> 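Sharing a structure here in structure tokens format.
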Amino acid sequence: MSETDTLARPVRLALLGAPNCGKTSLFNALTGGRAKVANYPGVTVEYRKGEFSLPDGQIVELLDLPGVYGNTGKSMDERIAIDAVNGRLSGERAPDAIVFMLDAAHIETHLHNVLQAKNYGLPIILVLNMMDMAARDGLNIDIPALGQELGIPVINCVAVRASGRAPLLDFLTEWTGDVEHGSAAVPKSELGDVRELQQRARSATTRSVSRVHQIETFTHRIDKFVLHPVLGLFILLGILFVMFQAVYTWSGPAMDMIESGIGWLQGVVSAVLPDGLLQSLIVDGMIAGVGAVLVFLPQIIILFAFILLLEASGYMARAAFLVDSIMAKAGLNGRAFIPLLSSFACAIPGVMAARTIEQERDRLTTIMIAPLMTCSARWPVYFLIIGAFIPEGRVGVFSQQGLVAFGLIIVGIVFAFIMAAIFKRTLARGESSGLLIELPSYKSPVFKDYLRGLYDRGMIFVNRAGRIILPASVVIWVLTTFPRNAVSINETFAGMIGNIILPVLQPIGFNLEMSISLIPAMAAREVAVSSLATIYAVQGEMVEGQMTDIIASQWSMATGLAFLAWFVFAPQCLSTFAIIRKETNSWKWPLFAFSYLFVLAYLAAAVTYHTAVAFGLG
Ligand SMILES: Nc1nc2c(ncn2[C@@H]2O[C@H](COP(=O)(O)OP(=O)(O)OP(=O)(O)O)[C@@H](O)[C@H]2O)c(=O)[nH]1
Ligand SMILES: [Mg+2]
């Protein structure tokens, strides 16, 4: 590389620090990134690059890294961070300097890690983030004194506020120039083992940190209730319960609006275009298919409004703590909680989040059961079938439909635990470690981040409608419309394909339409819903977006319930298997996951169907 290249490239800084100290918040704020931020450890499991300019116009490249607890890299995500700092990531050059971040409110816990990080042999500064929280808890930190103790510059910061980031930006303006010209100091490395460094860190804090007033912190006061072994579990169940009730009781008006919007659009297109293939393609194929899924957007938004609130407040880490002993009984590693929780949005980030689990066999077990968590793509299926077969009434004050949805989630979780227990005793034997989770302080969500998170979740749902559901609906429309002389669905191409797998699915109560819909659902689970909508629309059964009515009139209750049972396990969605293949670096695990999920789905649907028939619901 020539000297001019070296000069032309921007200074590269690596954001290193313990999990949950606010690295990604700073990264997003500076670079305009939209990476996920949440108030529990282990959110970031990949490295990410971004650029920003300093007040004087200098360009700086910033690396956001997964959190680390030390410098040894015990888990996959920590290794990524350490490799990044050492310049061992393929295709990436090493950073020029380290910005080490610490949560000021918990300064005692991780201070020795800064000392360790000096040994990377790069210029380094310490950013004390969450100074607002430290102030709330009555901590007084003498920053110049701390800098003296550590032998590196220390800067205070509140990553989530522009005014809180200003001191850091001012400092960087000076410092990165020095880094660029090689005149920034590389601190003297620290000798000694972890214990010695901890000792040194302790004496550094004694000299520079004091508590102004020894109050019982806000967090401690709340945790007395929330972490109580019995009361805590009731609070957790209560919260989940309210969440599902809200999903059902608040979504009605918005859904009605979307539904009438879709009906109106179909009406307009039918009026403008002459009867014929083009009109049918647009009205029965595209609008019916996409609309059937989009109508559930309000429910998805309400669901995530709760989940994101719980994540941002710091409650989720408490939930992990509460269920830890139950998870341990199933042989699950305590660290599995967060990956499994992430799988409620989608199994893909969930499978990736399992990187935080150190023991390989525990990571594999977690990956194998992640698809049993109710990902948001299943919701449209649940909403549709529940809407069709479960009356809207109430049991006491609770919405009946909300109860059933809650029940389905619980069945998924229970089976995940059962499967984990089985895997633990067969495939992935060995001891699991319990949960060592640092409980974050409670925080009120950063409003902007919260709204953006909610918007992003909504957009993911809507984008899938455009990217996956629309093309799938067109394909299904073609297959159900041709050949033109077909007099029933049986004679269409879709019917012919569906009839190949129908013999396998008929014994569990599935009909031809359902069999057809399961094939494109491999692309995404909610495509089952859009495909059913298109199939019924082409057959002329649909009247303006009333899918639930069609399903209720065409299927028996037993069939509907069997379909629900199938989707609790749903060996669907190729992307899930693709990510399992990537994260385990083998074909064995995705094939295994597919097979066991298929067997479970089949058995669950069979048992449900035949039980329902026995009760006269066939
Ligand atoms: N009050 C306050 N909250 C902050 C500050 N910085 C970050 N947060 C919050 O702290 C939580 C953790 O922030 P993240 O940016 O996800 O932390 P991270 O270091 O990237 O965490 P990992 O990816 O798990 O390593 C989020 O809820 C943020 O909103 C701050 O300066 N003050
Ligand atoms: Mg992060």
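Excluded from the calculations below are hydrogen atoms, water molecules and symmetry mates; all remaining heavy atoms, backbone and side chain alike, are included. Position 1 is the first residue of the sequence; numbering continues from there. Given the structure is predicted, the values throughout are model-derived calculations rather than measurements. Whatever order the structure lists ligands and atoms in, that order sets their numbers, starting from 1.
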> Under 3.5 Å, N or O to N or O, is Asp449 touching ligand 1 that way?
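Between Asp449 and ligand 1 (N or O atoms, distance only) the closest approach is not under 3.5 Å.
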
> Backbone, side chain, both or neither: what part of Ala38 comes under 4.0 angstrom of ligand 1, heavy atoms only?
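Contact part for Ala38 vs ligand 1: backbone (N, CA, C, O).
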
> Over 60° means perpendicular and under 30° means parallel, so tell me whether Phe406 and Phe241 are parallel, tilted or perpendicular.
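Aromatic pair Phe406/Phe241 classed perpendicular.
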
> Side chain or backbone of Val446 under 4.0 Å from ligand 1, or both, or neither, by non-hydrogen atoms?
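Under 4.0 Å from ligand 1, Val446 contributes side-chain atoms alone.
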
> Distance-only criterion, 3.5 Å: show the donor-acceptor pairs between side-chain atoms of residues 99-106 and protein atoms not counting sequence neighbours.
| from | atom 1 | to | atom 2 | distance (Å) |
| --- | --- | --- | --- | --- |
| Asp103 | OD1 | Ala105 | N | 2.9 |
| Asp103 | OD2 | His106 | ND1 | 2.8 |

> In terms of residue, atom name and distance, what is the protein heavy atom nearest to atom 32 (N) of ligand 1?
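Going atom by atom, the protein heavy atom closest to atom 32 (N) of ligand 1 ends up being Asp132 OD1, 3.0 Å.
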
> Scan side-chain atoms only and decide if Tyr442 and Asn39 contain a donor-acceptor pair under the 3.5 Å cut-off.
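There is no such pair (donor and acceptor under 3.5 Å, judged by atom type) between the side chains of Tyr442 and Asn39.
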
> Quick check on contacts: which atoms of ligand 1 are under 4.0 angstrom from a heavy atom of Gly67?
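In order of numbering, the contacting atoms are 25 (O).
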
> Just which atoms of ligand 1 are under 4.0 Å from any heavy atom in Met133?
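Within the 4.0 Å cut-off of Met133, ligand 1 contributes 1 (N).
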
> What is the closest protein heavy atom to atom 26 (C) of ligand 1, and at what distance does it sit?
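Among all protein heavy atoms, the one nearest atom 26 (C) of ligand 1 is Val37 CG1, 3.6 Å.
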
> Report the part of Thr44 (side chain from C-beta onward, or backbone N, CA, C, O) that has a heavy atom under 4.0 Å from ligand 1; answer both or neither where that applies.
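Both the backbone and the side chain of Thr44 come within reach of ligand 1.
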
> Please indicate whether any nitrogen or oxygen in Ala159 is less than 3.5 Å from any nitrogen or oxygen in ligand 1.
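The answer is yes, given that Ala159 and ligand 1 share an N or O pair closer than 3.5 Å.
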
> Quick check: Asp64 and ligand 1, any N/O pair under 3.5 Å apart?
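Between Asp64 and ligand 1 (N or O atoms, distance only) the closest approach is not under 3.5 Å.
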
> Looking only at protein heavy atoms, identify the closest one to atom 12 (C) of ligand 1 and say how far it is in Å.
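Closest protein heavy atom to atom 12 (C) of ligand 1: Asn20 OD1, 3.0 Å.
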
> Indicate yes or no for a side-chain donor-acceptor contact from Thr44 to the backbone of Leu65 under 3.5 Å, with no hydrogens or angles considered.
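Not confirmed, Thr44 side chain does not pair with Leu65 backbone.
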
> Regarding ligand 1, does Lys36 bring an N or O atom to under 3.5 Å of one of the ligand's N or O atoms?
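In fact, backbone or side chain, Lys36 has no N or O that close.
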
> As an exercise, state the distance from CZ of Arg48 to NZ of Lys36, rounded to the nearest 0.5 Å.
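Reported value, rounded in 0.5 Å steps: 11.5 Å.
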
> What are the atoms of ligand 1, with element, lying closer than 4.0 Å to any heavy atom of Pro19?
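It comes down to these atoms of ligand 1: 25 (O).
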
> With atoms numbered from 1 as shown, which atoms in ligand 1 lie under 4.0 angstrom from a non-hydrogen atom of Ser25?
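That gives atoms 7 (C), 13 (O), 14 (P), 15 (O), 28 (C) of ligand 1.
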
> In terms of residue, atom name and distance, what is the protein heavy atom nearest to atom 10 (O) of ligand 1?
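Going by distance alone, atom 10 (O) of ligand 1 is nearest to Met130 CE, 3.4 Å.
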
> Does Asp193 use its side chain to pair, donor to acceptor, with the backbone of Glu196 at less than 3.5 Å?
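At least one qualifying donor-acceptor pair exists.
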
> Has the side chain of Asn156 got a donor or acceptor atom that lies under 3.5 Å from a matching backbone atom of Leu128?
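Checking the backbone N and O of Leu128 against the side chain of Asn156, no donor-acceptor pair under 3.5 Å is found.
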
> Keeping the roles fixed (side chain from Asn28, backbone from Ala35), state whether a donor-acceptor pair exists under 3.5 Å.
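Pair found, side chain donor or acceptor close to backbone of Ala35.
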
> Taking the non-hydrogen atoms of Tyr40, is any one of them nearer than 4.0 angstrom to ligand 1?
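Contact present.
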
> Can a donor-acceptor pair be found, under 3.5 Å and without considering hydrogens, that links the side chain of Arg79 to the backbone of Gly73?
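Here the side-chain-to-backbone pair exists.
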
> Considering non-hydrogen atoms of the protein only, which is the closest contact for atom 17 (O) of ligand 1, and what is the distance?
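Nearest neighbour among protein heavy atoms for atom 17 (O) of ligand 1, to 0.1 Å: Gly22 N, 3.1 Å.
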
> Considering Val68, Asp77, Val43 one by one, which has a heavy atom nearer to atom 24 (O) of ligand 1 than any of the others?
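It is Val43 that holds the nearest heavy atom.
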
> I'd like to know: is the Mg ion (ligand 2) within the 2.8 Å range of an N/O/S atom from Thr24, strictly under that distance?
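For Thr24, the answer is yes, given that an N, O or S atom comes within less than 2.8 Å of the Mg ion (ligand 2).
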
> Could you tell me whether Gly42 and ligand 1 have an N or O pair separated by under 3.5 Å?
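Yes.
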
> Do Glu149 and Ser208 have a side chain donor and acceptor closer than 3.5 Å?
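No pair is found: no donor N or O on one side chain lies under 3.5 Å from an acceptor on the other.
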
> Kindly confirm whether the Mg ion (ligand 2) is within less than 2.8 Å of some N/O/S atom in Thr44?
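Yes - counting backbone and side chain alike, Thr44 has an N, O or S atom under 2.8 Å.
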
> Side chain or backbone, does Leu65 bring an N or O within less than 3.5 Å of an N or O on ligand 1?
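So ligand 1 has no N or O lying under 3.5 Å from an N or O of Leu65.
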
> Are any side-chain N or O atoms of Glu108 and backbone N or O atoms of Thr205, one a donor and one an acceptor, separated by less than 3.5 Å?
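No; zero donor-acceptor contacts below 3.5 Å.
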
> Identify, for atom 20 (O) of ligand 1, the protein heavy atom at the shortest distance, and state residue, atom and that distance.
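Atom 20 (O) of ligand 1 sits closest to the protein heavy atom Thr24 OG1, 2.7 Å.
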
> Is the CZ atom of Phe415 crowded by more than 12 outside heavy atoms at less than 6.0 Å?
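Result for CZ/Phe415: open.
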
> Side chains of Asp77 and Thr356: is there a donor and an acceptor less than 3.5 Å apart?
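No pair is found: no donor N or O on one side chain lies under 3.5 Å from an acceptor on the other.
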
> Quick check on contacts: which atoms of ligand 1 are under 4.0 angstrom from a heavy atom of Pro41?
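What qualifies from ligand 1 is 24 (O).
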
